[in-house]
Peer 1: 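Take a look at this one; I'll ask things after.
Keep in mind it's a predicted model, so treat the numbers as computed, not measured. Just so you know, residue 1 is the first one in the sequence shown, and it goes up from there. Start at 1 and go down the list; that is how both ligands and their atoms are numbered.
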Amino acid sequence: MAEKKVALITGASQGIGKVTALKLASCGYDIAINYIGREDDAKEVKKECEAFGVEAEIFEFDVTNVEAVNAGIEAIHKRFGRIDVLVNNAGITKDGLFLRMTPDQWNAVININLTGAYNVTHPVVKIMMKQRVGSIINMSSIVGVMGNAGQANYSASKAGLIGFTKSLAKELGSRNIRVNAVAPGFIKTAMTAGLDNNEIYQHIPLRRMGEAEDIATVIKFLAEDATYVTGQVIGVDGGLVV
Ligand code: NAP
């Protein structure tokens, strides 16, 4: 790893993305913070990252907008000179039972969660190939492994990210670019705020929901410690899927 290390985290204005940005900042990474709507929150993440003595900048772009993504990645490269770590974290849910699921619900989730990762990874890989080093971490989910009633769109997007991860790992390994995925279980963020915790705990061997910090710790491990790990999907779910 070069002396100056740069990490880009998509969807880093809150939740898992925010905590991942702070974790990597605490490890000495300069941080590119992507968000789409919550500018004040993104600015706060920038401030908190800078408190670790690293450089941080916010970059507003919608991961579904190819032109905006390409301009954003160019701006990040211009600002920091390199991108060592990419965390494809931006994601949404639009749940509903399949027969009632509209094309809009399906397309919105696939476009942001899966195609968004393609859009961002494409220009970033070009940069990583020139550097001959890089680590990409895709945010999948346990439901991409085991499915979930009411989440056909979301599960398909997260399963798609697993195939994407394994294929890219095979393509890019010879360029010293590692590609892995994290599959979180139930993590306490805005996304899971409406869930019935007591019902969930019964099925989790560790008997608690995860914290965003639990995910960030594994992302940090994959980003820089796990130098002989690629193409893997790491479950971070309290033992829910074993
Ligand atoms: P969250 O709190 O809802 O945060 C989602 C982030 O994604 C926000 O920063 C949001 O930006 C950003 N975002 C949404 N659409 C975007 C777009 N089109 N372009 C750019 N950024 C966009 O979610 P979270 O719970 O932290 O989840 C983060 C990731 O982990 C997601 O991929 C999710 O599927 C995955 N995950 C979460 C759990 C869980 O239990 N929480 C479990 C498994 C997997 P703005 O704030 O600016 O709108």
Peer 1: Closer than 4.0 angstrom, basic N to acidic O: yes or no for Lys5 and Asp30?
Peer 2: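 The answer is no: the pair does not qualify as a salt bridge.
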Peer 1: Using heavy-atom distances only, which candidate in Gly210, Ser157, Pro184 approaches atom 43 (C) of ligand 1 most closely?
Peer 2: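 Answer by nearest heavy atom: Pro184.
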Peer 1: Mark up the atoms of ligand 1 that fall under 4.0 Å of a heavy atom belonging to Phe186, in ascending order.
Peer 2: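 What qualifies from ligand 1 is 40 (O).
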Peer 1: Give the residue and atom name of whichever protein heavy atom lies nearest to atom 10 (C) of ligand 1, and the separation in Å to one decimal.
Peer 2: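 Protein heavy atom at minimum distance: Ser13 OG, 4.1 Å.
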Peer 1: Quick test of your reading of the model: are Lys47 and Glu44 salt-bridged, counting only N-O distances below 4.0 Å?
Peer 2: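 Salt bridge: yes.
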Peer 1: Per the salt bridge (charged side-chain N to carboxylate O under 4.0 Å, His left out) rule, what does the pair list look like for residues 14-29, sequence neighbours excluded?
Peer 2: Lys18-Glu48, Lys23-Glu213
Peer 1: Just heavy atoms, cut-off under 4.0 Å: does Ile142 contact ligand 1 by side chain, backbone, both, or neither?
Peer 2: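 Near ligand 1, Ile142 shows nothing, with every heavy atom at 4.0 Å or more.
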Peer 1: For ligand 1, does Ala212 get within less than 4.0 Å through its side chain, its backbone, both, or neither, judged by non-hydrogen atoms?
Peer 2: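 Neither part.
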Peer 1: Please state which part of Ile36 comes within less than 4.0 Å of ligand 1, counting heavy atoms only: side chain, backbone, both or neither.
Peer 2: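 Both of them.
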Peer 1: Name the closest protein heavy atom to atom 34 (O) of ligand 1, giving the residue it belongs to and the distance to 0.1 Å.
Peer 2: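 Result for atom 34 (O) of ligand 1: Tyr154 OH, 2.5 Å.
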Peer 1: Can you find an N/O atom of Met191 closer than 3.5 Å to an N/O atom of ligand 1?
Peer 2: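 In this structure, Met191 places no N or O atom under 3.5 Å from an N or O of ligand 1.
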Peer 1: For atom 37 (C) of ligand 1, which protein heavy atom lies nearest, and how many Å away is it?
Peer 2: Ile16 CD1, 3.7 Å
Peer 1: Does any part of the side chain of Thr189, heavy atoms only, come nearer than 4.5 Å to the side chain of Gln14, both counted from C-beta?
Peer 2: no
Peer 1: Output the list of atoms in ligand 1 that are nearer than 4.0 Å to some heavy atom of Gly15, sorted by atom number.
Peer 2: 2 (O), 26 (O)
Peer 1: For atom 5 (C) of ligand 1, find the nearest protein heavy atom and state the residue, atom name and distance (0.1 Å precision).
Peer 2: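 Ranking protein heavy atoms by distance from atom 5 (C) of ligand 1, first comes Gly91 O, 3.8 Å.
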Peer 1: For ligand 1, is there an atom lying under 4.0 Å from some heavy atom of Gly185?
Peer 2: yes
Peer 1: Is there any N or O on Gly11 that sits under 3.5 Å from an N or O of ligand 1?
Peer 2: yes
Peer 1: Measuring from the heavy atoms of Ala12, does anything fall under 4.0 Å of ligand 1?
Peer 2: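 Yes; Ala12 lies near enough to ligand 1 that a heavy-atom distance drops under 4.0 Å.
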Peer 1: Is Asp214 close to Arg208 at the side-chain level, that is, under 4.5 Å between some pair of heavy atoms?
Peer 2: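 Arg208 reaches Asp214 side chain to side chain.
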Peer 1: Got Val229 and Gln232 here, is their nearest side-chain heavy-atom distance under 4.5 Å?
Peer 2: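 A side-chain contact exists here, since the closest heavy-atom pair is under 4.5 Å.
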Peer 1: For residues Thr102 and Asp104, is any side-chain donor paired with an opposing acceptor at under 3.5 Å?
Peer 2: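 No pair is found: no donor N or O on one side chain lies under 3.5 Å from an acceptor on the other.
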Peer 1: For residues 121-150, which residue pairs qualify under ring-ring contact (aromatic ring centres under 6.0 Å, His included), counting only residues two or more places apart or in two chains?
Peer 2: Tyr118-His122
Peer 1: Is the shortest heavy-atom distance from the side chain of Ile92 to the side chain of Lys94 under 4.5 Å?
Peer 2: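 A side-chain contact exists here, since the closest heavy-atom pair is under 4.5 Å.
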Peer 1: Pull out every atom of ligand 1 sitting under 4.0 Å from any heavy atom of Ser141, numbered as shown with elements.
Peer 2: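 Heavy-atom distances to Ser141 below 4.0 Å select 43 (C), 44 (C).
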Peer 1: Kindly indicate whether the side chain of Val125, heavy atoms from C-beta on, has any atom under 4.5 Å from the side chain of Ile136.
Peer 2: yes
Peer 1: For atom 47 (O) of ligand 1, what is the nearest protein heavy atom, given as residue, atom name and distance?
Peer 2: Gly37 N, 2.7 Å
Peer 1: Checking contacts here: is it the side chain or the backbone of Asn89 that comes within 4.0 Å of ligand 1, counting heavy atoms only? Could be both or neither.
Peer 2: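 Both of them.
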Peer 1: Can you sort out which atoms of ligand 1 are near Phe61, meaning under 4.0 Å from one of its heavy atoms?
Peer 2: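 Those of ligand 1 that fall under 4.0 Å from Phe61 are 19 (N), 20 (C).
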Peer 1: Which atoms of ligand 1 sit under 4.0 Å from any heavy atom of Met139?
Peer 2: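 Result: 29 (C), 30 (O), 32 (O), 35 (C).
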Peer 1: Is the backbone of Phe59 close enough, under 3.5 Å, to the side chain of Asn34 for a donor and an acceptor to pair up by distance?
Peer 2: yes
Peer 1: Is any side-chain heavy atom of Asn119 closer than 4.5 Å to one of Asn65?
Peer 2: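 No, their side chains stay 4.5 Å or more apart.
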Peer 1: For ligand 1, is there an atom lying under 4.0 Å from some heavy atom of Ser140?
Peer 2: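 Yes, Ser140 has a heavy atom closer than 4.0 Å to ligand 1.
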Peer 1: I want to know if ligand 1 touches Asn113 in the polar sense, i.e. an N/O pair below 3.5 angstrom.
Peer 2: no
Peer 1: State whether a side-chain donor-acceptor pair under 3.5 Å links Thr165 with Asn138.
Peer 2: yes
Peer 1: What protein heavy atom is closest to atom 3 (O) of ligand 1, reported as residue, atom name and distance in Å?
Peer 2: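 Its nearest protein heavy-atom neighbour is Gln14 NE2, 3.3 Å.
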Peer 1: Where does Ala42 meet ligand 1, judged by heavy-atom distances below 4.0 Å: at the side chain, the backbone, both, or neither?
Peer 2: neither
Peer 1: Could you tell me whether Thr189 and ligand 1 have an N or O pair separated by under 3.5 Å?
Peer 2: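 Yes: some nitrogen or oxygen of Thr189 is under 3.5 Å from one in ligand 1.
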Peer 1: Measuring only between side-chain heavy atoms, which start at C-beta, is Met128 closer than 4.5 Å to Arg175?
Peer 2: no
Peer 1: When you measure from the heavy atoms of Thr192 to every atom of ligand 1, does any distance fall below 4.0 Å?
Peer 2: yes
Peer 1: In the structure I gave you, are the side-chain heavy atoms of Phe186 and Leu240 within less than 4.5 Å of one another anywhere?
Peer 2: yes
Peer 1: Quick test: of every protein heavy atom, which one is nearest to atom 18 (N) of ligand 1, and how far off is it to 0.1 Å?
Peer 2: Asp62 OD1, 2.9 Å
Peer 1: If the cut-off is 4.0 Å to any non-hydrogen atom of Asn34, which atoms of ligand 1 fall inside it?
Peer 2: 20 (C), 21 (N)
Peer 1: Are there more than 12 heavy atoms of other residues, nucleotides or ligands under 6.0 Å from atom CD of Glu67?
Peer 2: no
Peer 1: Using a distance-only test with no angle check, is there a side-chain donor-acceptor pair under 3.5 angstrom linking Thr230 and Asn180?
Peer 2: no
Peer 1: Which one holds for Lys158 and ligand 1: side chain close, backbone close, both close, or neither close, with close meaning a heavy atom under 4.0 Å?
Peer 2: side chain
Peer 1: Measure the distance from atom 14 (C) of ligand 1 to every protein heavy atom, then report the residue, atom name and distance (to 0.1 Å) of the closest one.
Peer 2: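 Ranking protein heavy atoms by distance from atom 14 (C) of ligand 1, first comes Ile92 CG2, 3.9 Å.
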